[in-house]
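For ligands, and for the atoms within them, numbers begin at 1 and follow the listed sequence.
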Amino acid sequence: MDILCRSMLFDGKAIVTAIDSTETVETARKIHGTSVSATNALARVLTMGVFMSAGFKGLKHKLTLIVDGGGKGGSIIVCGDCGSKVRCRMDEPRCFEGEALRPVEEVIGANGRLTVIKDFGLKEPYNGTVKLVNGNVDTDFSYYFTVSEQLPSAIATGVAFNPDGSVRAAGAVIVQPMPNCPQDIIAKLVDVVGHFSDMDKIVATHTPTKLIEEYFGEFDSKPLQPTYPAYVCSCSREAMERVLISMGKKDALEIIEERGEIEFHCDFCNKTQVFTKEDVEKIFEEADDKNNGSDKG
Ligand SMILES: [Zn+2]
């Protein structure tokens, strides 16, 4: 089971988050049939989605990350709900198929933007956009947190593969000093962060608990409640039925006449819902019944 662990350091003057997102990333790989290079890039953005939706409290809170850097993989979209329940899609999941692992920067590209949308169910969702620095994810998200959220952050994501291209381990470590954090503590943290340049190896050998113990144990580390991330799609047949109803009966039946059935494809779980003529008629009958009922009631 995947896990996200957080610990307060130095009496709350800084916070470290360590994530094991192996199963979440492997699920994404299977759903989208990603090549090794695509998995390598997608995994890192997805893990950032895990990190950024971990703190969401309400069921209506929604995170959307859009990374569009003009690389071979095209744009990547990650959505997250509270408790790090995430899903993703990618334009070109098979980029560099059959080739040796390519750098993340080549898959994502560096000519574009990272957009973060946080919808807390209020009038206007929070929307922050930064230019990509180099397309390697770590630097780009670090830059985003510093510039858009005024929260300097050291970020290292990691992915390790099995010989067959499946995910052996994926995860990240994120270190964030609080605004009141003294310089000497920041200096100590910067020293430790230096160890994470080879995070691809560290994720394969360290659980989040072990990582925090080994690298941050001496910093008066106090663990907080963990979160259990997973790949979860929010689509459902019921949601598709609502889309059908919003199309209107006339348009829906016209498509049926043309194509025999209506198909809705979900890019996030790669599932297709098929509605036959009988399905459509039944759905509109039930919708009419409901409307009539509420008119009278
Ligand atoms: Zn879906």
For the pair Lys118 and Glu149, find out whether any cationic side-chain nitrogen is under 4.0 Å from an anionic carboxylate oxygen.
->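 Yes.
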Between Lys282 and Glu285, does at least one N-O distance fall below 4.0 Å, as a salt bridge requires?
->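 So Lys282 does not pair with Glu285 through a salt bridge.
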Distance only, no hydrogens: is a donor on one side chain within 3.5 Å (strictly under) of an acceptor on the other, for Asn40 and Ser37?
->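 No donor-acceptor contact under 3.5 Å links the two side chains.
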For the Zn ion (ligand 1), check which protein N, O or S atoms are under 2.8 Å away and list them.
->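 Less than 2.8 Å away from the Zn ion (ligand 1) sit Cys233 SG, Cys235 SG, Cys266 SG, Cys269 SG.
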Apart from Leu59 itself, which Ile, Leu, Val, Met, Phe, Trp or Tyr residues share its cluster (side-chain heavy atoms under 4.5 Å, direct or through members)?
->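 Besides Leu59, the cluster holds no residue at all.
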Does the side chain of Val137 reach to within under 4.5 Å of the side chain of Ile108, using non-hydrogen atoms?
->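 Contact flag for Val137/Ile108 side chains = yes.
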From Ile31 atom CD1 to Arg87 atom CZ, the distance as rounded to the nearest 0.5 Å |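 Spacing of CD1 (Ile31) from CZ (Arg87) equals 11.0 Å.
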